[in-house]
Student: 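I have a structure here, written as structure tokens, and I will follow up with some questions on it.
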Amino acid sequence: MENTSDYEKTIEHQFDSFCKTVLRNHARNIYAENLRWQDRFVSLESLTPADLARLCSFDNYEAESVFFSILDCEIPIADILLAQAVEALSKRQQDVILLSYFLNMKDVDIAELLNLTKSTVHYHKENALEGLRKFMEDHTNEN
């Protein structure tokens with residue numbers, strides 16, 4: 001019977017040793033995984049404002065924009081004050097401003113498209129810019 005008792009103690013010691021080995025290896029795996037996480041992830045608190053700005057995204061909803069239609073093209077303007085200023089212009093000035101600044105067309109191309117001379121397009125653009133400037137100054141001073 002003593003042999004059985006020694007045998008059982010040996011089995012218990014082997015099982016105990018096996019459990020400790022499994023736990024030790026599992027702890028090593030957890031430690032190694034934590035090190036990998038630390039290498040790959042950065043706390044948001046440690047980022048500079050410039051880094052945070054690069055991570056940001058803003059949702060733009062079409063309902064928040066005012067649309068202007070020109071040449072079968074819808075041009076959204078998100079800034080309400082700017083949209084109101086553009087609406088205050090004549091239709092010809094609106095067309096010139098929208099084509100020039102929102103569709104990046106040159107005066108020559110706008111003149112050809114609207115059947116005008118280049119100098120007329122330039123004249124409308126200058127007057128439109130002056131009108132926009134006055135509108136924006138008047139309405140920003142009110143607020």
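All values below were derived from every heavy atom in this structure, side-chain atoms included, with hydrogens, water molecules and symmetry-related copies excluded.
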Student: How many angstroms lie between CZ in R54 and OG1 in T48, if you round to the nearest 0.5 Å?
Tutor: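 The CZ atom of R54 sits 7.0 Å away from the OG1 atom of T48.
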Student: For R28, which residues count as a side-chain contact (heavy atoms from CB on, under 4.5 Å) partner, sequence neighbours excluded?
Tutor: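 Result, side-chain contact (heavy atoms from CB on, under 4.5 Å) vs R28: R24, N25.
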Student: If you look only at distance, which donor and acceptor atoms sit under 3.5 Å apart when one is on a side chain in residues 72-91 and the other is two or more places apart or in another chain?
Tutor:
from, atom 1, to, atom 2, distance (Å)
E74, OE2, S69, OG, 3.4
D79, OD1, L81, N, 3.0
D79, OD1, L82, N, 3.4
S90, OG, Q93, N, 3.3
K91, NZ, D95, OD1, 3.1

Student: Mind checking salt bridge (Lys or Arg N to Asp or Glu O under 4.0 Å) for D16 and listing every partner two or more places apart, or none if nothing turns up?
Tutor: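 K20.
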Student: With sequence neighbours left out, write down each residue that passes side-chain hydrogen bond (donor to acceptor under 3.5 Å, both in side chains) with T120, or none if nothing qualifies.
Tutor: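 For T120, the residues satisfying side-chain hydrogen bond (donor to acceptor under 3.5 Å, both in side chains) (neighbours in sequence not counted) are T117.
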Student: So, taking the atom named CG in L103 and the one named CD1 in I70, what distance separates them when rounded to the nearest 0.5 Å?
Tutor: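 That separation rounds to 7.0 Å.
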Student: Please round to the nearest 0.5 Å and tell me the distance separating atom CG of L99 and atom CD1 of I110.
Tutor: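 Output value for this atom pair is 5.0 Å.
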Student: Under the salt bridge (Lys or Arg N to Asp or Glu O under 4.0 Å) test, which residues partner R133, sequence neighbours left out?
Tutor: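 R133 satisfies salt bridge (Lys or Arg N to Asp or Glu O under 4.0 Å) with E130, E137 only.
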Student: Which residue pairs satisfy the ring pair (Phe, Tyr, Trp, His ring centres under 6.0 Å) criterion with at least one member in residues 102-137, sequence neighbours excluded?
Tutor: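 Output for this query lists F135-H139.
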Student: For residues 11-37, which residue pairs pass the ring pair (Phe, Tyr, Trp, His ring centres under 6.0 Å) check, not counting sequence neighbours?
Tutor: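 Residue pairs with at least one partner in residues 11-37: W37-F41.
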Student: Could you work out, with salt bridge (Lys or Arg N to Asp or Glu O under 4.0 Å) as the rule, every residue matching R40, not counting sequence neighbours?
Tutor: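 With sequence neighbours excluded, R40 shows a salt bridge (Lys or Arg N to Asp or Glu O under 4.0 Å) to no residue whatsoever.
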Student: Residues two or more places apart in sequence or in another chain: which of them pass side-chain contact (heavy atoms from CB on, under 4.5 Å) with E45?
Tutor: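 Partners of E45 by the side-chain contact (heavy atoms from CB on, under 4.5 Å) criterion, ordered by chain and then number, come out as S43.
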Student: Any salt bridge (Lys or Arg N to Asp or Glu O under 4.0 Å) involving residues 98-127? Give me the pairs, sequence neighbours left out, ordered by first then second residue.
Tutor: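 Pairs touching residues 98-127 that pass the test: D107-K125.
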Student: If you take all heavy atoms of A128 and I97, which pair is closest and at what distance?
Tutor: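 Reported closest heavy-atom pair: CB-CG1, 3.4 Å.
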Student: Where do N34 and I30 land on the side chain to side chain contact (heavy atoms under 4.5 Å, CB included) test, with the steps shown first?
Tutor: CA-CA 6 Å; N34 285 343; I30 290 172; 3.9 Å; yes
